[in-house]
Number of protein chains: 2
Amino acid sequence: MEAGVEEGGKKLIAAIAQDYETGEVLMLAYMDEEALRLSRQTGKAHYWSRSRKKLWRKGEISGNEQIIKDFFIDCDEDAVLLKVKQIGGAACHMGYRSCFYRKINGEIVGEKIFEPEEKYGKEWEK
Amino acid sequence: MEAGVEEGGKKLIAAIAQDYETGEVLMLAYMDEEALRLSRQTGKAHYWSRSRKKLWRKGEISGNEQIIKDFFIDCDEDAVLLKVKQIGGAACHMGYRSCFYRKINGEIVGEKIFEPEEKYGKEWEK
């Protein structure tokens, strides 16, 4: 497990979500065994929230679910790639299509789809 | 640091390499501060090898370097996305274009570019 992460006795794998049509990389999150199982079973992306320490179905608050169109595993079996249909057009809790909306120098280049305050109310900073 | 990883006192960020022309996701690895600095400074992808516990310039053995064409950071600042020109056409040490050459059910769907034994000799299993 080169890229696998162990945290609080829980084994996690990295999960990349990519737009199935445009190829845009939307986000990077982690899955535990349960999140992986539920993602495969339901066809909707589930992750392990490391900050909230709980299973998290993407879109459970925002409505911005990810429908899994294709599902890959890497050579070391410690990272997965999900090609998804991003409901609502934005993966990022900051309101952008992709969490990678900034260049490394800080310049914002991504497209903002919604205002986080309107979507999440006071919860948005989570 | 939702997706950041701490290991042996070292802070790591996840790094996704994506082909800058086709959008294919090539691999997932990690960077420490030095790997991030060198990647930005040289324009060639450097990672932290968690299995070998050392800095690793992608392609230093195989010749399959990654020339960074664009460089993004995510909302939480604990993951980066590199759009790269993959020298040699293959990112995976198993000889495939992408490390994500298998579907989650194990079916191989990726394109094999080289035979690892020929490229690395006995070193290939690293």
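Numbers restart at 1 for each chain; the letters A, B, ... are given by sequence-line order, proteins then strands.
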In Å, rounded to the nearest 0.5 Å, how long is the span from [atom1] of [X] to [atom2] of [Y]?
| X | Y | atom1 | atom2 | value |
| --- | --- | --- | --- | --- |
| A:C75 | B:M27 | SG | CE | 8.5 Å |
| B:R102 | A:E77 | CZ | CD | 4.5 Å |
| B:D76 | A:C99 | CG | SG | 7.0 Å |
| B:L36 | A:I104 | CG | CD1 | 5.0 Å |
| A:E7 | B:E7 | CD | CD | 11.5 Å |
| B:L81 | A:L26 | CG | CG | 10.5 Å |

Open item on the list: Which heavy atom of B:I73 sits nearest to which heavy atom of A:K103, and what is that distance?
Closed with: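 For B:I73 versus A:K103, the nearest heavy atoms are CG2-O, 3.8 Å.
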TODO: Give the C-alpha distance, both sets of side-chain angles, the deciding distance and a yes or no for side-chain contact (heavy atoms from CB on, under 4.5 Å) between B:D74 and A:Y96.
DONE: CA-CA 11 Å; B:D74 81 340; A:Y96 293 90; over 6 Å; no
- [ ] Go through the steps to decide whether B:F72 and A:V109 satisfy the test side-chain contact (heavy atoms from CB on, under 4.5 Å), and finish with yes or no.
- [x] CA-CA 9 Å; B:F72 301 88; A:V109 292; 3.6 Å; yes
Task: Pair A:I16-B:F100, side-chain contact (heavy atoms from CB on, under 4.5 Å): steps then yes or no - done: CA-CA 11 Å; A:I16 303 164; B:F100 299 93; 3.9 Å; yes
- [ ] Might you confirm whether atom NZ of A:K112 has over 12 heavy atoms from other residues, nucleotides or ligands at distances under 6.0 Å?
- [x]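 More than 12 heavy atoms, drawn from other residues, nucleotides or ligands, come within 6.0 Å of this atom.
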Open item on the list: Can you confirm whether B:E33 is buried at CD, in the sense that more than 12 heavy atoms of other residues, nucleotides or ligands lie under 6.0 Å from that atom?
Closed with: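 Count not over threshold, so no.
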TODO: Examine A:I61 and A:F114 and state if one hydrophobic cluster contains both, with Ile, Leu, Val, Met, Phe, Trp and Tyr joined whenever side-chain heavy atoms are less than 4.5 Å apart.
DONE: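 Yes; tracing contacts between hydrophobic side chains, which count when under 4.5 Å, links both residues.
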- [ ] Would you check if A:D78 and B:L28 make a side-chain contact, meaning some heavy-atom pair closer than 4.5 Å?
- [x]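 A:D78 vs B:L28: side chains apart.
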Open item on the list: Strictly distance-based, threshold 3.5 Å: is any side-chain N or O of A:E24 a donor or acceptor partner for the main-chain N or O of B:G23?
Closed with: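 It does not hold such a pair.
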